[in-house]
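Each chain gets a letter, A, B and so on, in the order the sequences are listed, and its residues count up from 1. Please read these numbers as outputs of a predicted model, since none were measured by experiment.
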2 protein chains.
Amino acid sequence: MDGRFGVVSSPTIEEAAGLLEKLLDGSSMVVVAGVCSSEYEGRGASVSTEGDKLLIVKPGGAVILHGPRGFRPLNWQPSTSHTEVATAEGLLTLKFYRRTPREVLKIACSSVWYVAWVRFPEEGAFWMYMTEDDLRRAVALHPRELLGEDIRFFAEEKRTPSGKADLYGVDGRGNIVIVEVKRVRADESAVRQLEGYVRDYPTQAKVRGILVAPDISDAARRLLESRGLEFRRVDLKKAYSLLKPGRGRSVLDFL
Amino acid sequence: MDGRFGVVSSPTIEEAAGLLEKLLDGSSMVVVAGVCSSEYEGRGASVSTEGDKLLIVKPGGAVILHGPRGFRPLNWQPSTSHTEVATAEGLLTLKFYRRTPREVLKIACSSVWYVAWVRFPEEGAFWMYMTEDDLRRAVALHPRELLGEDIRFFAEEKRTPSGKADLYGVDGRGNIVIVEVKRVRADESAVRQLEGYVRDYPTQAKVRGILVAPDISDAARRLLESRGLEFRRVDLKKAYSLLKPGRGRSVLDFL
DNA sequence: CGTGCCAGGTGCCCT
DNA sequence: AGGGCACTTGGCACG
């Protein structure tokens, strides 16, 4: 356990417990594979029966229990306030407690295939592009290219009784325009958001509501039109390329 | 690679590539730990620089790349249609492609701490309790206990132009009642949902809208009251115990 | 710390 | 497939 990382294959239940006692001190990214069952109780409650599981515990206390299939973990704890490792009746039992909200995840393993760890793991940097934030900024900066008209925007992310609207502006005729931006196909909840923002705007004059997204569902479009709101189609990559010239092309174009 | 599971510690890049060629055939739950960078492009785009990473590949094609911290993976692919393993300039490179939506995740590792796998992993059963579905059924079956009045419900999950409303019923005075259920603190979007459903109900008569949740945010309550809607507080565990008598008590009560 | 909302959200169920 | 929505949603930014 002195190196940068380590693996113990086929430990006994007692060996695994001894290892984990030391490893779950927040210094290591730990993986346990074995045959385990689990119980969760807190905001909800769940039970899983014995099966092959993969347990990941990270520095910082994130706990993730994966089954053999699917992207989502079976159980997890975004962070833990207290951890218990024990052996009982031939089982390795792990308990992860969280304070707020109060919840507990219990895992019991009858076999452990391996325990592996990386000590003091180094964190690289991470950047995300083409987020809604990018799209919103692109719309605010290039309304003519993306919406087909000139709108002078004067507020972003402004609080209203119905929530936070994305963009507030004035069009060429002096109308107030409220824009709700979605980076994915817009659905009915997007229309409901926009509807609330428009209704909440404190004026007797006409307020335009524009939903900006790459696409809109049929049901959302019907709702939108019945509420007198507008839709503008926008391409996410085009918007991003307006923001960062030169980044428009990508490997996917040639796939 | 014949046993139920296996671990190879400190493989060379070429050894790791050779192993993964065989392991990524959908038969195994595979873990790779190493120093890697990643690139994603598809619905969005992201880049991560070199750092300790944990890569999980499951039968079924789910790919999950974790950094040292946090619950959420840095990158992932819920399923993959095509996988490529290669070595180039001392790097182990992995590419995971997905067809719909079209996206690709590339991972490049300069060091591999270990490769571990479990073959043909067995999937246990999984049950979840205290879901919104449970709460909705409890409200439908026990309106007196949970809402404080008798309501005869005649429809669930009914489609309206604004979306799907949870419950439709008739109260003691013959009023139509529409109920929106939340298993967590209700926010403004819950109020917007209910508002839409009430508005869409095809009648001139008064329609009551009741939001049922363990709690409600101040802003949501203000919005709700300004729209003439009602709120009923309900306890998730009490509701669940009405549904499944005897399951009300739990370890958390004694924590 | 609560409030609101985005997320490459994912998963489930229905049409 | 698309559509609508819950989720132990998690995570962030803001008051």
*asked:* Between Y129(A) and V47(B), is the side chain to side chain contact (heavy atoms under 4.5 Å, CB included) condition met? List the steps.
replied: CA-CA 9 Å; Y129(A) 311 106; V47(B) 168; 4.0 Å; yes

*Check each residue of residues 56-66 of chain B for a non-hydrogen atom within less than 4.0 Å of any atom in DNA chain C, then write out the ones that pass by number, or none.*
none

*At under 4.0 Å between heavy atoms, which parts of nucleotides 9-15 of chain C does protein reach? Answer with one letter per nucleotide, 5' to 3': B base, S sugar-phosphate only, - none.*
SSS----

*Quick one: is Y197(B) getting a side-chain N or O under 4.0 Å of the dC5(D) phosphate, OP1 or OP2?*
yes

*How would you list all residue pairs meeting salt bridge (Lys or Arg N to Asp or Glu O under 4.0 Å) that involve residues 48-60 of chain B, not counting sequence neighbours?*
R4(A)-D52(B)

_Would Q193(B) and K164(B) count as a side chain to side chain contact (heavy atoms under 4.5 Å, CB included) here? Give the steps._
CA-CA 9 Å; Q193(B) 275 184 52; K164(B) 274 189 301 186; over 6 Å; no

_Those residues that, when tested against R233(A), pass salt bridge (charged side-chain N to carboxylate O under 4.0 Å, His left out) (two or more places apart)_ = D215(A)

*dC12(D) C1' sits how many Å from D133(A) CG, rounded?*
11 Å

*Between L194(A) (CG) and dG4(C) (P), how many Å, whole number?*
18 Å

*Do the side chain of Q77(B) and the base of dG8(C) come within less than 3.5 angstrom through a donor-acceptor pair of N or O atoms?*
yes

*Using atom CZ of R137(A) as one end and atom C1' of dC6(C) as the other, report the distance to the nearest whole Å.*
15 Å

*asked:* Can you work out whether D187(A) or M130(B) has the more 5'-proximal nearest nucleotide on DNA chain D?
replied: D187(A)

*Is it true that E84(A) and K106(A) make a salt bridge, defined as a side-chain N closer than 4.0 Å to a carboxylate O?*
no

*Send over the distance from D166(B) CG to dC5(D) P, rounded to a whole Å.*
9 Å

*Above 12 or not: heavy atoms from other molecules or residues under 6.0 Å from CZ of R99(A)?*
no

_Under 4.0 angstrom between Q193(A) side-chain N/O and dG4(C) OP1 or OP2_ = no

*salt bridge (charged side-chain N to carboxylate O under 4.0 Å, His left out) partners for E122(B), two or more places apart*: none

*asked:* With a cut-off of less than 4.0 Å, is there a side-chain N or O of S189(B) near OP1 or OP2 of dC5(C)?
replied: no

_Would you measure the distance from the P atom in dG4(C) across to the matching atom in dG8(C) and give it in whole Å?_
22 Å

*Please state how far atom CD in E132(A) lies from atom C1' in dC12(D), giving the value in whole angstrom units.*
13 Å

*side chain to side chain contact (heavy atoms under 4.5 Å, CB included) assessment of S37(B) paired with T49(B)*: CA-CA 5 Å; S37(B) 62; T49(B) 61; 5.5 Å; no

_Any pair counted as salt bridge (Lys or Arg N to Asp or Glu O under 4.0 Å), so long as it reaches residues 124-139 of chain A, sequence neighbours left out_ = D133(A)-R136(A), D133(A)-R137(A), D134(A)-R137(A), R136(A)-E156(A), R136(A)-E157(A)

